[in-house]
Protein chains: 2
Amino acid sequence: MARAATTSDAFNAVAEPRRREILNYLALQERPVGEIVASLGLEQPSVSKHLRVLRGVGLVHVRREGRRMLYRTNAEALRPLHEWTKTFERFWQHQLSRVKERAEAKAMALEKA
Amino acid sequence: MARAATTSDAFNAVAEPRRREILNYLALQERPVGEIVASLGLEQPSVSKHLRVLRGVGLVHVRREGRRMLYRTNAEALRPLHEWTKTFERFWQHQLSRVKERAEAKAMALEKA
DNA sequence: ACACTACATTCCTATATGGGAATATGTCAA
DNA sequence: TTGACATATTCCCATATAGGAATGTAGTGT
């Protein structure tokens, strides 16, 4: 079997950096495709294709306004990602405290010197 | 161009569900490959290949102990993912409060009836 | 109907994948 | 060294890209 489809879930969809940029861009306001193209400097067909993937996993909502399509990020669809990574939070907090300890130890050593 | 390599960053590496399972499994304790195989019910070569990808992006650390290789999750490498999703947190909090508002409005309507 | 704008889709291709099967590598024990 | 165990790698293949180029489709104004 090949790799899972980009449309199989949010994890696969956001693996592509441009799609993350698009989600960032559409987080605050809905925007027509043309503005995404202009702002992110991508080709229009490329943007349309990325948007199709994002729509496929519910990461964006669309609304038609005349001949323009207004897209906006649906942050809710990112929650599974956030929740999953969150379960590891305590581990890097431990890591951080170790780093802190070392930094403190070093500071103490310097004080002594 | 094709899709970015699974080894290009953590986002691509964790797009694969089995790799996420492995990371979950290795979060608390280091484990030899054989235990991962037994616990997750995957083929041994498959596990080795997934571990190679995870190592490639620093998501696991390895240590040899005799003929066994002990792997453990390096949660630190998941921080970029967590940080990125975190920037969207406030949006679904808004969403939630709107849901709450609606629920409350509904409750009030029922009281009146 | 026509031209024009805004998007979407299709066709093409190089590339990377994940699984299965088989095989290679590395380490210990006798 | 030989054998057994633990893990890694290789080979093969069906499948899914992402980008570029070209084309299709829908809505607007005249």
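Just so it is clear: chains get the letters A, B, ... in the order the sequence lines come, proteins before strands, and each one is counted from 1.
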Please step through side-chain contact (heavy atoms from CB on, under 4.5 Å) for the pair Phe11(A) and Phe11(B), ending with a clear verdict.
CA-CA 8 Å; Phe11(A) 284 93; Phe11(B) 284 92; over 6 Å; no

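- With rounding to whole Å, Met69(B) atom CE is found 16 Å from dT25(C) atom P.
- Among residues two or more places apart in sequence or in another chain, the side-chain hydrogen bond (donor to acceptor under 3.5 Å, both in side chains) test is passed with Glu16(B) by none.
- Rounded to an integer number of Å, the gap from CG of Asn12(B) to P of dT17(D) is 13 Å.
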Restricting to nitrogen or oxygen on both sides, can you table the protein-nucleotides 26-30 of chain D pairs closer than 3.5 Å?
residue, atom, partner, partner atom, Å
dG27(D), N2, Arg67(A), NH1, 2.9

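- A parallel orientation is assigned to the rings of His82(A) and His82(B), their planes being inclined by less than 30° (bins at 30° and 60°).
- Glu65(B) meets the side-chain hydrogen bond (donor to acceptor under 3.5 Å, both in side chains) test with Arg68(B); sequence neighbours excluded.
- Not one side-chain nitrogen or oxygen of Arg52(A) sits closer than 4.0 Å to the OP1 or OP2 atom of dA8(C).
- Residues Gln44(B) and Ser48(B) have side chains that bring a donor and an acceptor to within less than 3.5 angstrom of each other.
- Ile22(B) has its CD1 atom 13 Å from the P atom of dT7(D), to the nearest Å.
- Rounding to whole angstrom units, CD of residue Glu30(A) and P of dA6(C) are separated by 17 Å.
- A straight line from CZ of Arg20(A) to P of dA18(D) spans 12 Å, rounded to a whole angstrom.
- The list of salt bridge (Lys or Arg N to Asp or Glu O under 4.0 Å) pairs with a residue in residues 19-42 of chain B, not counting sequence neighbours, reads Glu30(B)-Arg63(B), Arg31(B)-Glu35(B).
- Between the side chains of Thr85(A) and Glu89(A), no donor-acceptor pair of N or O atoms lies under 3.5 Å.
- In this structure, CG of Leu51(A) is placed 16 Å from P of dA6(C), rounded to the nearest angstrom.
- Using a 4.0 Å cut-off, some side-chain N or O of Thr6(B) falls inside it from OP1 or OP2 of dT17(C).
- Arg55(A) places its CZ atom 6 Å from the P atom of dA8(C), with the value rounded to the nearest Å.
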What's touching nucleotides 19-22 of chain D from the protein side, N or O pairs under 3.5 Å?
residue, atom, partner, partner atom, Å
dG19(D), OP1, Arg18(A), NH1, 2.7
dG19(D), OP2, Ser46(A), OG, 3.3
dG19(D), OP2, His50(A), NE2, 3.1
dG19(D), N7, Lys49(A), NZ, 3.2
dG20(D), O6, Lys49(A), NZ, 2.7

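- Phosphate contact (OP1/OP2 of dA8(C), side-chain N/O of Tyr71(A), threshold under 4.0 Å): present.
- A donor-acceptor contact closer than 3.5 angstrom is absent between the side chains of Asn74(B) and Trp92(A).
- A search for ring-ring contact (aromatic ring centres under 6.0 Å, His included) contacts involving Tyr25(A) returns nothing, not counting sequence neighbours.
- The interatomic distance linking Ile36(B) (CD1) with dA6(D) (P) rounds to 14 Å, in whole Å.
- The side chain of Ala2(B) lies closest to dT15(C) when the candidates are dT15(C), dT9(D), dA8(C).
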